[in-house]
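Indexing begins at 1, ligand by ligand and atom by atom, following the structure's order. Source: prediction; values computed, not measured. Residue numbers count from 1 along this sequence.
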Amino acid sequence: MPTRPAAYTRTAVWLHWAIALLIFAAFPLGVYMHGLALSPNKLRLFNYHKWIGITALLLAVVRLAWRLIYRPPELPPTMAPWERSAAFAMHLFLYVLIVAAPLSGWLMSSATGFQTVWFGVIPLPDLIGKDKEFGRFLVELHRNLDYLLIALVGLHIAAALKHHFFTHDNILAQMIPFLRRSDR
Ligand code: HEM
């Protein structure tokens with residue numbers, strides 16, 4: 001079996017932070033714009049939200065492909081078997097959700113009859129035909145997936161901080177290279 005690399009590739013680190021940033025932009029914007037009364041401003045924010053979300057989806061697909069080609073570094077030997085299983089399950093769910101959440105937004109836009117034009121320049125194909133009833137279901141699905149995604153991101157951050165400040169291993173430093181300690 002091939003041995004694991006000592007660190008993530010630079011591309012994997014870049015993709016990780018770019019996707020994180022886009023999720024942290026899309027989520028609060030989605031919550032804010034949803035509560036607005038219909039106005040040109042609301043429609044403008046819907047477009048910004050869709051552009052950010054589609055960019056996140058694109059990078060998530062690249063990230064997934066990258067992950068299949070380049071194996072991540074080994075987890076620290078101090079981690080108990082249950083911690084390894086929990087980390088594996090968490091990462092798997094996150095990979096699924098960073099694709100499923102924005103994809104549900106795209107599907108919803110198609111079903112509700114609002115085509116997505118990426119950055120106002122590239123018209124994306126509608127993934128499904130207009131369907132009011134299914135559109136309503138997809139609005140709910142998009143919301144639920146978004147809240148699940150942000151909850152798991154919260155847990156993921158809490159676990160990373162626990163490893164850095166309490167377990168004192170190199171897990172967080174693998175994604176933030178300037179945190180790397182020379183003694184580990
Ligand atoms: C990482 C990606 C994304 C995140 C985290 C995200 C998050 C959210 C959140 C939190 C809401 C508010 C839900 C609510 O309170 O009901 C929302 C609404 C919305 N999202 Fe996304 N979204 C993402 C991607 C997308 C994409 C790719 C599209 C379409 C191309 C999209 C289209 C919409 C639309 C149209 C709404 C408004 C629904 C409504 O108010 O009826 N989203 N999104």
Side-chain angles (χ1 to χ4, degrees), residues 8-68 72 87-161 172 175-176:
Y8 285 102
T9 60
R10 240 189 253 191
T11 307
V13 172
W14 188 89
L15 285 167
H16 174 273
W17 291 112
I19 293 167
L21 205 72
L22 291 167
I23 291 171
F24 283 126
F27 188 87
L29 181 56
V31 173
Y32 174 69
M33 70 187 199
H34 174 75
L36 295 178
L38 187 61
S39 68
N41 183 45
K42 177 166 177 153
L43 297 179
R44 193 165 46 87
L45 295 180
F46 264 47
N47 281 329
Y48 293 166
H49 176 82
K50 289 177 171 193
W51 302 345
I52 296 169
I54 290 293
T55 310
L57 175 61
L58 204 76
L59 294 184
V61 171
V62 176
R63 174 88 174 96
L64 211 60
W66 198 264
R67 172 64 183 78
L68 293 175
F88 176 80
M90 170 65 90
H91 295 158
L92 189 68
F93 272 129
L94 282 171
Y95 277 119
V96 170
L97 283 172
I98 58 175
V99 172
L103 189 60
S104 65
W106 186 358
L107 283 165
M108 167 184 67
S109 292
S110 302
T112 49
F114 295 98
Q115 193 192 15
T116 302
V117 184
W118 199 34
F119 291 103
V121 179
I122 303 175
L124 302 183
D126 280 328
L127 297 178
I128 46 175
K130 197 169 168 185
D131 181 335
K132 247 183 166 182
E133 181 113 349
F134 193 46
R136 271 196 290 274
F137 164 77
L138 288 169
V139 170
E140 288 301 316
L141 181 69
H142 184 55
R143 176 185 303 145
N144 289 330
L145 291 177
D146 297 334
Y147 277 86
L148 190 59
L149 172 63
I150 213 72
L152 288 190
V153 167
L155 280 176
H156 177 67
I157 294 172
L161 293 177
L172 184 59
M175 272 301 172
I176 310 181

Output the distance between atom CD1 (I54) and atom CG (L58), rounded to the nearest 0.5 Å. 8.5 Å
side-chain hydrogen bond (donor to acceptor under 3.5 Å, both in side chains): which pairs involve residues 12-24, sequence neighbours left out? none
Can you confirm whether the side chains of N41 and R44 place a donor and an acceptor under 3.5 Å from each other? yes
Protein heavy atom at shortest distance from atom 16 (O) of ligand 1: R143 NE, 2.6 Å
Under 3.5 Å side-chain donor-acceptor pair for W66 and T9: yes
Applying ring-ring contact (aromatic ring centres under 6.0 Å, His included), name anything that partners Y48, two or more places apart in sequence or on another chain. W51
Please classify the F114 to ligand 1 contact at 4.0 Å (heavy-atom distances, strictly less than): side chain, backbone, both or neither. neither
What do the steps show when you test L97 against D146 for side-chain contact (heavy atoms from CB on, under 4.5 Å), and what is the final call? CA-CA 8 Å; L97 283 172; D146 297 334; over 6 Å; no
Quick note on ligand 1: atoms under 4.0 Å from a heavy atom of M33 include exactly 18 (C), 19 (C), 20 (N), 34 (C), 36 (C), 37 (C)
Can you list the residues that meet the ring-ring contact (aromatic ring centres under 6.0 Å, His included) rule with Y147, with sequence neighbours excluded? F27
Straight-line distance of L124 CG to W118 CH2, nearest 0.5 Å: 8.0 Å
Close approach of T116 to ligand 1, heavy atoms, under 4.0 angstrom: yes
Atom CG in L45, atom NZ in K50: separation rounded to 0.5 Å? 12.5 Å
Would you mind counting protein N, O or S atoms that sit less than 2.8 Å from atom 21 (Fe) of ligand 1? 2
Please check this pair: side chain of H142 against backbone of A101, looking for a donor-acceptor N/O pair closer than 3.5 Å. yes
Counting from 1 in the order shown, the ligand 1 atoms closer than 4.0 Å to a non-hydrogen atom of W106 are 28 (C), 29 (C), 30 (C)
Which of the atoms in ligand 1, numbered in the order shown and given with their element, are less than 4.0 Å from a heavy-atom of F27? 10 (C)
Only heavy atoms count here, so choose which of K42, H34, R136 is nearest to atom 39 (C) of ligand 1. H34
For V31, the atoms of ligand 1 under 4.0 Å from one of its heavy atoms are 10 (C), 12 (C)
